[in-house]
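Nothing here was measured: the structure is a model prediction, and the numbers come from that model.
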Amino acid sequence: MKKIIPGIVMAIVLWSCGHDKAPKNNFSQETTDLTPKSSVPINKEKNTVKERFSTPEGYEWQDEKQNSFGYFIENFKLKPYGSQILRYDGAPVSTQHLHEAVFDIDTGSKDLQQCADAVIRLRAEYLYTMKRYDEIQFHFTSGDLLRWNDYKNGTRAFVSGNSVSFRKTAGFDDSYLNFRNYLDLIFNYAGTISLNKETQPVLKNPDLKTGDILITPGSPGHVVFVAGVCSNKEGKKLFLLGEGFTPAQSIHLLSNPFQQNISPWYELDVNAPETKTARYIFKPTNFRSF
């Protein structure tokens with residue numbers, strides 16, 4: 001379990017994805033969809049999102065700008081086709097039929113990298129890869145901000161009652177191992193509420209792009225991220241979705257059990273009253289962007 005900040009802050013943190021126990025109607029149930037199985041080819045021997053997943057007939061991948069967050073995600077390396085979703089302790093999760101790919105990135109050895117944390121991890125890894133260190137900063141659910149630049153210079157968080165303070169208690173360390181220690185601390189105290197506040201609303205369908213998120217902050221809370229976009233000549237778009245989950249487990253790309261003929265692609269609408277994904281129903285629909 002994640003550590004939590006006592007008192008009032010604890011009550012807020014408990015609303016995050018890693019702590020809530022969502023009622024059954026917030027999770028997608030087994031579908032009885034009788035539409036044909038997907039006719040979208042999957043290039044099983046390929047090892048990136050964009051290379052492995054072909055588009056439905058009449059659609060083409062929408063290219064992301066090189067060095068953008070979307071480009072980073074669509075070119076992210078995947079584990080071999082058929083890989084299972086594994087928990088942080090290495091055990092396979094019970095639900096193995098609702099994903100089409102597993103991202104080739106570690107989950108850590110503790111129950112920390114859950115749903116919001118998976119998005120934070122990808123965003124942080126992107127900024128780290130691009131050497132945009134000044135932008136690596138995340139809020140705790142309490143509202144307190146911790147920057148990677150401060151952490152690598154020795155700043156650490158101290159919790160006392162309902163307050164969080166920061167003091168320099170360690171030496172300079174800009175190693176990747178220390179960066180992972182920083183992220184584990186963020187995972188401990190951040191969640192869907194803080195992630196929702198750190199992002200901006202996407203209000204128009206044409207603006208929805210790879211790297212954007214669909215999020216329910218609070219309790220129950222969950223988040224998925226757009227892992228790819230394709231479009232046809234009329235401008236209609238389809239989307240791939242990825243997520244982490246609770247307990248901490250492999251970041252994975254979802255299948256679409258509701259429209260199996262185009263799976264794993266999804267039709268999405270920022271104005272829809274609700275959006276069903278393979279493992280969670282978002283109500284209301286709330287797309288946001290970094």
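Remark: F72 engages F76, Y126 in a ring-ring contact (aromatic ring centres under 6.0 Å, His included) (not counting sequence neighbours). In this structure D174 satisfies the salt bridge (Lys or Arg N to Asp or Glu O under 4.0 Å) test with no other residue, sequence neighbours excluded. With sequence neighbours excluded, no residue forms a salt bridge (Lys or Arg N to Asp or Glu O under 4.0 Å) with E100. When the side-chain contact (heavy atoms from CB on, under 4.5 Å) test is applied to L185, the partners found at least two apart in sequence or on another chain are F140, L146, Y151, A157, Y189. E267 meets the side-chain contact (heavy atoms from CB on, under 4.5 Å) test with K236, L238, Q259, I262; sequence neighbours excluded. Checked against salt bridge (Lys or Arg N to Asp or Glu O under 4.0 Å), R123 has no partners two or more places apart in sequence or in another chain. Residues passing the salt bridge (Lys or Arg N to Asp or Glu O under 4.0 Å) test with D173, sequence neighbours excluded: none. Scored by the ring-ring contact (aromatic ring centres under 6.0 Å, His included) test, F287 finds no partners at all (sequence neighbours excluded). A search for ring-ring contact (aromatic ring centres under 6.0 Å, His included) contacts involving Y128 returns Y133, Y176, F179, not counting sequence neighbours.
The hydrophobic cluster containing F158, built from Ile/Leu/Val/Met/Phe/Trp/Tyr side-chain heavy atoms closer than 4.5 Å, comprises no other residue.
For E60, the CD atom is loosely surrounded, since the number of other residues' heavy atoms within 6.0 Å does not exceed 12.
The aromatic rings of F225 and F103 sit perpendicular to each other, their planes meeting at more than 60°, with 30° as the lower class boundary.
For residues 195-205, every residue pair satisfying the side chain to side chain donor-acceptor pair (under 3.5 Å) rule, not counting sequence neighbours, is listed here: H139-E198, N196-N286, N196-R288, T199-R288, N205-D269. Applying the side chain to side chain donor-acceptor pair (under 3.5 Å) test to every pair with at least one member in residues 43-54, sequence neighbours left out, gives these pairs: N43-S54, T48-E51, K50-D63.
What you find for W61 and T55 is that their closest heavy atoms are CD1-CG2, 3.4 Å. Residue F187 comes nearest to R180 through the heavy atom pair CE1-NH1, 4.1 Å, listed as atom of the first residue, atom of the second, then distance.
To the nearest 0.5 angstrom, H252 atom NE2 is 4.0 Å from I85 atom CD1.
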